[in-house]
Amino acid sequence: MSGHMADKAVDRLTVDEAEAELARLAKLLDAANTAYHTEDSPDLSDADYDAAKRRNADIEARFPDLKRADSPSDQVGAAPAEGFGKVRHAVRMMSLANAFEDGDVRDFANRVRSYLNLTPDAPLAFTAEPKIDGLSLSLRYEQGRLVQAATRGDGEVGENVTANARTIDDIPEEIAGAPEVVEIRGEVYMSHADFAALNERQAERGGKTFANPRNAAAGSLRQLDAEITRSRPLKFFAYSWGELTEPLADSQSGAIDRMADMGFQTNPLTRRCTSVAEMLDHYRLIEDQRATLGYDIDGVVYKVDDLALQTRLGSRSTTPRWAMAHKFPAELAWTRLEAIDIQVGRTGALSPVARLTPVTVGGVVVSNATLHNEDYIAGRDNRGEEIRGGKDIRVGDWVQVYRAGDVIPKVADVDLAKRPDDAAPYVFPDECPECGSAAVREEGDSVRRCTGGLICPAQAVEKLKHFVSRAAFDIEGLGAKQVEMFYGDETLPIREPAEIFTLANRDAAQLAKLKNRDGFGDKSATNLFAAIDEKRRIPLNRLIFALGIRHVGEVAAADLARHFTSWDAFVAAVDAAAPAAKRHLRAEEAIVQERRRAAQEGRRASISAVTKAAWEAEVLPQGAKAAWDDLVGIDGIGAAVAVSLVTTLQQPAERASIDRLVAELDVQDVAAPATSDSPVAGKTVVFTGTLEKMTRAEAKARAEALGAKVAGSVSAKTDLLVAGPGAGSKAKKAADLGIETLDEDGWLALIGG
Ligand code: IVH
């Protein structure tokens, strides 16, 4: 490779050059890793190593299709000395949407039908199988040999537990008759008998005992010493797959049979059902057998049987549209409510937590449970209507606690017959228990919030915890526990996200301070700084999510990042929309007041009059309306998100804190999705009217997969309107704005059928 190409700017590389360059970098970095980790003699300077890694990542970002199987971006050096190596899943490991009632299952089947445009009587089969309560594992086989086992992790990156998986009897080392590359996925679990025996052994030896079989399975698989895993009796059921070089079958049930032929255990209670009634029958049958199965299950999983239909249905951000988990009813127990504590969250919400006399609920000891909010304690729902027959909850009460799956236990009911005579109604605080600021409840909000903002230590700590969480900055070695420790630290405090990075702009004196602290040796301090530095380069969507802005979850953050592509554009757009957002808020406020006045005066509220007045009272600066329309026109971004963005970014102290953070970062633009050879890539498309060949949801998913942005309303930024029969005002607006309009067939022709 000539030195010339190694210097060529990434955005000027041709496809062939990029491919050659990725090969060169893979080789270079691999050699450097080996030298560094195994021979203790680094042959590249740290700066050159980082530069090579960065260049590699930049090329991959521009040419995602060229990313190599042995890409250096997926290698975190050799396995770190502490913890497991990380594995990026070739195909994301999904989770499942939940159903709790028969009606939810019918809705699921109907949703599938309507997405696929199937009539109610067209044949549609589902598989139904137990949902094993263990932990999922992905097993990669190449040429029939097990080469890697990885936990689910966050779905994208898991832990490399290959050595441990090899000790499990149900996991074959070699499989016959399999595609060249196949990833078999399933659940690692422990039987009740093995769990009881393990806990007994542990107790005898004074070791750690486990709360339930799932924790025991997880604790046993995630052992750094594979010999410990070997001594723990783990089992494995196969039910799914990841990357494949050829399909296993053309149906889910066929694929399960194929996995059984390869030598995997598959669940004997798996059935193919051709109606919802059959699915529900099978659910009852599994529920009846639950107690005698000998291992924990927490529901039944339904999957569309036809794999071609699964492909058409595709996925939402973390769950497939073609599958659903039907959970068993929650488990219940009664216990005493000893106290009610108030926790303050990152958006200032005051959440009441029940402190309980410990009680076992479905195998887990519960001593805390959520009480939701002040209305819930008082016996009302958020519309002011009675719940629990209007019974309130008091300290000292005998309460019913339940647990549904992984979620936090909840207090469901109260036994008035056992109420102590001196129990007093609970008075919800109107001051923040952490900072003393007023805690106010806004009209229409079920939650009381601390108004202390950045001065409230509880909000600040929760914001930091959110900031370092998995889907946000995910800094190795800096989790919730460390954040709390650093927050309270006098000499080396981290009070806001920017200080995480200024901490890593360390000088020798700071380093020395860190190294002398509890729990931080020389090595862990150095590792922490390296882990922090590594995250200075952060994709825009993660940054937006990490800010912890109310209403801005992972999906909204990704939508915003995709729309604005760069941090500067995003901030400029929110700033530009600010006057319109403020007007929107004032109009809402006027509506609330008008409603109240009307109720007092016993007349009907005249909403349109007050809205009009609020609108006319203000002249917006140039461009504000367009910026607002653009923001709320992003599919999935509503007025609540837009207002929340404006409120946060326009708050001077918040903004200054965010600016300090961004100054420390190298924010990665989010490119329009990579299928850039499609004529619709990067275009903003609006669908309106009736589509006949596919449903609206399917059309949207297809368009997005091709790199288009799908908006809900027509604006000057719209590139294309796809109008089916019955299109109304949007078609007119598009015509007025001179926007290209296609019918459904025209659209299909454009995107290639
Ligand atoms: S299918 C793409 N089938 O449940 C669909 N999952 O709540 C992937 N699980 O992470 C999952 N039994 O760990 C599937 N028979 C089963 C399952 C199952 C247990 C777990 C799995 C998954 C979680 C989602």
Side-chain angles (χ1 to χ4, degrees), residues 89-100 104-105 108 112 126-139 149-159 161 165 170 183-191 212-215 217-218 221-222 234-244 247-248 251-253 255-257 259-260 264-273 279 282-283 285-287 289-290 293 295-307 309-328 403-407 470:
H89 297 297
V91 174
R92 193 187 168 108
M93 287 184 85
M94 295 273 179
S95 42
L96 295 169
N98 289 327
F100 295 94
D104 300 337
V105 179
F108 162 60
V112 167
F126 291 86
T127 56
E129 67 199 281
K131 183 168 187 299
I132 317 296
D133 197 6
L135 67 151
S136 45
L137 186 68
S138 184
L139 304 168
T151 61
R152 177 173 183 280
D154 63 2
E156 284 181 4
V157 177
E159 286 175 326
V161 291
D170 286 348
E183 287 178 358
I184 301 293
R185 293 177 175 176
E187 203 86 351
V188 173
Y189 67 101
M190 193 180 281
S191 75
N212 55 43
R214 179 159 54 102
N215 289 359
L221 184 67
R222 299 181 65 260
L234 293 172
K235 295 192 156 80
F236 179 78
F237 275 127
Y239 53 66
S240 175
W241 54 91
E243 188 177 352
L244 295 170
L248 293 176
S251 67
Q252 180 77 32
S253 44
I256 301 277
D257 291 345
M259 294 194 278
F264 291 95
Q265 300 297 320
T266 55
N267 196 288
L269 286 169
T270 307
R271 290 275 184 289
R272 184 173 181 278
C273 305
M279 291 153 74
H282 196 54
Y283 174 88
L285 180 132
I286 292 175
E287 194 178 20
Q289 300 198 12
R290 183 180 187 190
L293 285 177
Y295 51 87
D296 275 354
I297 61 174
D298 57 351
V300 173
V301 184
Y302 308 118
K303 299 171 188 169
V304 170
D305 194 40
D306 184 329
L307 298 185
L309 296 185
Q310 284 191 6
T311 308
R312 274 184 64 196
L313 285 157
S315 301
R316 308 171 201 95
S317 65
T318 59
T319 58
R321 290 193 190 85
W322 43 264
M324 165 131 268
H326 187 179
K327 304 296 272 294
F328 293 132
R403 226 167 51 88
D406 253 345
V407 291
R470 250 198 186 154

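Counting starts at 1 for both ligands and their atoms, in listed order. Atoms considered below: every heavy atom in the structure, side chains included; atoms not considered: hydrogens, waters and symmetry mates. Everything numeric here is computed off the predicted structure, so don't read it as measured data.
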Peer 1: Which atoms from ligand 1 have a heavy atom of P320 less than 4.0 Å away?
Peer 2: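 Under 4.0 Å from P320, ligand 1 has these atoms: 2 (C).
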Peer 1: Heavy-atom contact under 4.0 Å between G186 and ligand 1?
Peer 2: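 The answer is no, since G186 has no heavy atom less than 4.0 Å from ligand 1.
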Peer 1: Would R272 and D305 pass as an ion pair if we require N to O under 4.0 Å?
Peer 2: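 Yes, R272 and D305 are salt-bridged.
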Peer 1: Restricting to ring pair (Phe, Tyr, Trp, His ring centres under 6.0 Å), what partner residues turn up for F108, sequence neighbours left out?
Peer 2: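 Expected list: F126.
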Peer 1: What protein heavy atom lies closest to atom 22 (C) of ligand 1? Include the residue and the distance to one decimal.
Peer 2: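 Sorting protein heavy atoms by distance from atom 22 (C) of ligand 1 puts Y239 OH, 4.2 Å first.
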Peer 1: Say whether, by atom type as modelled, one donor and one acceptor occur between the side chain of H282 and the main chain of L269 under 3.5 angstrom.
Peer 2: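 Yes: the side chain of H282 pairs with the backbone of L269.
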Peer 1: Please list, in number order, the atoms of ligand 1 under 4.0 Å from a heavy atom of E129.
Peer 2: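 Near E129, the atoms of ligand 1 are 15 (N).
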Peer 1: If you measure from the Lys or Arg side-chain nitrogens to the Asp or Glu carboxylate oxygens, is any gap between K235 and D170 under 4.0 Å?
Peer 2: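 Salt bridge flag = no for D170 with K235.
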Peer 1: Tell me whether the rings of F237 and Y189 are parallel (<30°), tilted (30 to 60°) or perpendicular (>60°).
Peer 2: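 Parallel, since the angle between the ring planes stays under 30°.
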Peer 1: Nearest heavy atom to atom 2 (C) of ligand 1: which of Q252, M94, R92, M93 does it belong to?
Peer 2: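 Among Q252, M94, R92, M93, the closest heavy atom to atom 2 (C) of ligand 1 comes from M94.
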Peer 1: Would you mind checking which non-hydrogen protein atom is closest to atom 23 (C) of ligand 1, with the distance to 0.1 Å?
Peer 2: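 Here the nearest protein heavy atom works out to K131 NZ, 4.0 Å.
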Peer 1: Among protein heavy atoms, which lies nearest atom 3 (N) of ligand 1, and at what distance?
Peer 2: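 Protein heavy atom at minimum distance: K303 NZ, 3.0 Å.
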Peer 1: Look at atom 12 (N) of ligand 1 and say which protein heavy atom is nearest, naming residue and atom and giving the distance to 0.1 Å.
Peer 2: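 Of the protein heavy atoms, I132 N, 3.0 Å lies nearest.
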Peer 1: With backbone taken as N, CA, C and O and side chain as the heavy atoms from C-beta onward, which portion of A323 lies under 4.0 Å from ligand 1: side chain, backbone, both, or neither?
Peer 2: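 For A323, no heavy atom sits under 4.0 Å from ligand 1.
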Peer 1: Between E183 and E243, is there a donor-acceptor pair closer than 3.5 Å when you use the side chain of the first and the backbone of the second?
Peer 2: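 Yes, the answer is positive, given that a donor and an acceptor are paired below the 3.5 Å cut-off.
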Peer 1: Counting non-hydrogen protein atoms only, what is the nearest one to atom 24 (C) of ligand 1? Give residue, atom name and distance.
Peer 2: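 Of every protein heavy atom, L96 N, 3.6 Å lies nearest to atom 24 (C) of ligand 1.
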Peer 1: Residue-level breakdown please: for W322 versus ligand 1, do any non-hydrogen atoms fall below 4.0 Å on the side chain, on the backbone, on both, or on neither?
Peer 2: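 The part of W322 near ligand 1 is the side chain, not the backbone.
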Peer 1: Could you find the nearest protein heavy atom to atom 20 (C) of ligand 1 and give me its residue, atom name and distance?
Peer 2: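 The protein heavy atom lying closest is E187 OE1, 3.4 Å.
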